[in-house]
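A quick write-up on the structure given underneath.
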Amino acid sequence: MLSRTALAMLTAAMLSGTAAAETFRWSSDTDPQTMDPHAVNSAPVLGFLNNVYEGLVRRDKGMAVEGALAERWEPIGKDGWRFHLRKGVTFHDGSKFNAEDVLFSYQRASSEAADTASWFAPVSEVKIVDDHTIDFLTTAPNPIFPDSIANFMILDKGWAEDNNAALPSKEEENFATLNANGTGAFKLVERQPGLKTVLEPHGGWWGTVEHNITRAEFTPIQNPATAVAALLSGDVDMINPVPVQDAAKLKQRDAVTVIEGIEARVIMLGFAHAAETLKYGADAGKPNPFRDARVRKAVAHSVNVDAILQTIMRGSATAESQLISPAMRGYSKDLSSRPAVDVGKARALLAEAGYADGFSFGLKCPNDRYLNDESVCQAVVSMLAKIGLKAELDAMPVRNYWPELRADNFDMYLLGWSPGTFDAEHPIRFLAHTPNKEKKLGSWNFGDFSNSRVDELLPQIQSEIDDSKRQAMLDESAKILQDEMAYVPLYVQPLIWGTRDNVDLTQRPDNFFILRWTTVK
Amino acid sequence: MLAFTLQRVFQSIVVLLVVGLVAFSMFRFVGDPIDNMLGQERTDADIERLRGELGLDQPFPIQYGKFLKNAVQGNFGISYRQARPVSTILAERAPATLELAAVSGLFAIFFGVGLGVFTAIRRDGFAANAIMTISLLGVSLPTFLIGILLIYVFAVELGWLPSFGRGDTVKIGGWSTGFLTASGLKAIILPAITLGLYQMTLIMRLVRSEMLEVLRADYIRFARARGLKERAINFRHALKNTLVPVITVTGLQLGAIIAFAIITETVFQWPGVGLLFINAIQFVDIPVMAAYLMLISVMFVGINLIVDLLYFSIDPRLRIDRSAAEG
């Protein structure tokens, strides 16, 4: 009897179902680990929070910087930048936005506890001029400062202080870890870490509403096959990413659309420049051939990037010759051609360097960091074999990978780099400058590449106000890096999203999904 | 009985300590949590500072000692990734896993015993043979494949059931249940079948072979000779006598259900502790990994203990033997 009642209830429950048609549901493979915009400087967090919080400036659909909480800004001579703040902006809880909030957010985001402090390294002081004007003074002229703070998000001072969240917290939970109060187009209404995060439109938003979303639910789905199934069955309206191998299949399905673009991330091969000897393979202990630029060039001439893209990336990425993609500011247009695939030339270069018979060495590679990273490395190994270079591939999860690279345990390695500022200066600072702990430069230059001219140019690039002079110096740096073959850039990583057919959205190259550009038909 | 229980409890504690030690010594090979916690623009100084704050620069016996000291007090530390207390996170996630385990356990027992009895009684029938053959598939197909298969059939092609997640949940006290909403009930069907299929087959085959054994026994023949009804013979006499090994296996499998839930939870994005653990490995979230492993071992040890004690109540012979030996 009891079971019959239960069955009846179950049936009734199933028939009634839950209907919420206007809810937009999307998923990604990573959950933003916190709702605090200053606690973690990572793309999943900043990308998600761009819907909830706003900065002084923001990036438009084409990645150009435009005003957000600042209506306009101008350099104060060579001393810094003045931002004129938008009036009549309110936070989600209704409190008014003014210069106090900007100063407070600056102090919060540049504190030792914040992960975003590096953005403010050039800032010497922040001064409130009046309620809606604020000055960011810099130690040296800084032409790209507004670009570099597009993800610097503004919190309400009163809200943060009232809730004991005046400082971000990475090691402990605080109020801002689970709650948010921004000025963005959407407000956070529910947060269950790792499960579900719900947004609803902010009624008092200052901007013009382009979207037609009344409620948006984000769910992380780690398993790629499950994500694809969820999209196909209509349980979610959008997934990011679509696995490369599934993209072609999805394109043939009726109800879904595959959106492809390129990300800002350049995948490249790096070398041990400073190591005296090789560390892996049959020739371990022998002098390190990668110290010789001719050997590095031989590598560049032997890797057939187009073949890699055709087979492993199924045609959805583009070959690259510099450390940044053409979409970035400061790209050197004259240096856009990759070294031609030429086995003969590669062999000649090796012979010239004294390695006519080739040698063997170790190639380190992550297997869960970049799209199909391990397969790309395997392809590189087989291509290098054609010129007599025997690479011993060691692929590992990224959680083991960075410690290995930091410990200099490689002869050659694979690296992907996405410039946070979308500017050519960024990879020079992190990848090309001689590592220098005091000045915090070259912190990802694992192979210790060092070139005095590149080092000399970097501070000048950073403080040059004149665009053409700056570009000339960027070009010179890029030329040196190419001539020296400090890295062998391979390709720009593709960006593949999948949506239901009735969804219209904009894919931005930084892999941020912006809800306010999304409409559901 | 008391001595037996105490002895078992003592053994269990030793097992737990060893599990913890082995787990902790392995964490060093899982990877380095630091890079996941700091952004791209971190400096070497940041790395050193955070390593010091987390105590990762200390030798692992000291780290283990600290962990034990806190764990005994019920404090499993703060998750590196979520920056929230591990005990809170586990408490949030446990209901999902326990509900899933309970439903798939019931599914396995109900269908396992039912089909086991059926195939034993109709041992040469067509249906029984078909079931036996199909059950081979259940044992041999890996869980994630069954899961994906079910998703494609019932979610993508037929559109009857959701492809992932737990649906809407209702909070009762600290417990979030999916049993009270339509979407929650729908959502549990596929994961429960996926998770319980292997156990169901196992129980079915076990019940069947035990039944076949028992049905040949003398007391069944006498029962038949007495003219008892088939139904009474099969279920009252035969089935009851097959239950001791079935309970052993079912009990042990309950632990396996919760532990194997890792795979099912990953395939269905089921928000339980298994999925949490997989995430923790990916991000080298040592406090979460440690707490999970300890909980799972506590559970296994506990289940073993209970199964041992259950023998006493089900099988009178054990009681007699032991009291005879003790007396």
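All values below come from the heavy atoms of this structure, side chains included, with hydrogens, waters and symmetry mates left out. Only a predicted model underlies this, so the values are computations on that prediction, with no experimental measurement involved. Chain naming here is simple, since letters A, B, ... match the order of the sequence lines and numbering starts at 1 in each.
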In terms of heavy-atom pairs under 4.5 Å, which option from [options] contacts chain A the most?
| options | answer |
| --- | --- |
| B:Ala83, B:Gly165, B:Pro271 | B:Ala83 |
| B:Glu92, B:Glu53, B:Arg93 | B:Arg93 |
| B:Asn279, B:Val284, B:Thr88 | B:Asn279 |
| B:Ile148, B:Ile151, B:Leu38 | B:Leu38 |
| B:Thr266, B:Asp46, B:Val267 | B:Val267 |
| B:Ile47, B:Leu158, B:Ile34 | B:Ile47 |

- Is there a side-chain contact between A:Val228 and B:Tyr152, using heavy atoms and a 4.5 Å cut-off?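 SC-SC contact between A:Val228 and B:Tyr152 confirmed.
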- Task: Compare all side-chain heavy atoms of A:Glu173 with those of B:Pro85 and state whether any distance is below 4.5 angstrom.
- Result: yes
Using 0.5 Å steps for rounding, measure from the [atom1] atom of [X] to the [atom2] atom of [Y].
| X | Y | atom1 | atom2 | value |
| --- | --- | --- | --- | --- |
| A:Gln222 | B:Ile278 | CD | CD1 | 9.0 Å |
| B:Phe164 | A:Thr226 | CZ | OG1 | 9.5 Å |
| A:Glu112 | B:Arg49 | CD | CZ | 4.5 Å |
| A:Asp31 | B:Phe283 | CG | CZ | 8.5 Å |
| B:Leu276 | A:Leu195 | CG | CG | 9.5 Å |
| A:Gln33 | B:Arg84 | CD | CZ | 12.5 Å |

Side chain, backbone, both or neither: which part of [X] has a heavy atom under 4.5 Å from chain B?
| X | answer |
| --- | --- |
| A:Pro397 | neither |
| A:Thr34 | neither |
| A:Glu404 | neither |
| A:Arg406 | side chain |
| A:Thr177 | side chain |
| A:Leu178 | side chain |

[X] atom [atom1], over 12 foreign heavy atoms within 6.0 Å:
| X | atom1 | result |
| --- | --- | --- |
| B:Lys69 | NZ | no |
| A:Phe120 | CZ | yes |
| B:Trp160 | CH2 | no |

- Among A:Ser42, A:Gly420, A:Pro220, A:Ala43, residue most engaged with chain B (heavy-atom pairs, under 4.5 Å):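 Highest number of heavy-atom pairs under 4.5 Å: A:Pro220.
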- Message: Looking at chain B, which one of A:Ile221, A:Asn41, A:Val40, A:Asp115 has the largest number of heavy-atom pairs inside 4.5 Å, strictly under?
- Response: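 Heavy-atom pairs under 4.5 Å are most numerous for A:Ile221.
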Considering only heavy atoms, which portion of [X] lies under 4.5 Å from any heavy atom of chain A: side chain, backbone, both, or neither?
| X | result |
| --- | --- |
| B:Leu50 | side chain |
| B:Ile89 | neither |
| B:Ala45 | neither |

- Item | Donor-acceptor contact present, side-chain A:Asp235 to main-chain B:Ser163, <3.5 Å |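 Yes, the answer is positive, given that a donor and an acceptor are paired below the 3.5 Å cut-off.
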- Would you say A:Ser233's side chain and B:Gly159's backbone share a donor-acceptor pair under 3.5 angstrom? no
- Query: How about B:Gln269 and A:Asn223: does a side-chain donor come under 3.5 Å of a side-chain acceptor?
  - Reply: no
- Item | Non-hydrogen atoms of A:Pro403 and B:Asp32 that approach each other most closely | CG-CB, 3.1 Å
- Message: Looking at A:Arg253 and B:Glu157, is there a salt bridge between them, counting it only when a charged N and a carboxylate O are closer than 4.0 Å?
- Response: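 Looking at A:Arg253 together with B:Glu157, the answer is yes, because their closest N to O distance falls below 4.0 Å.
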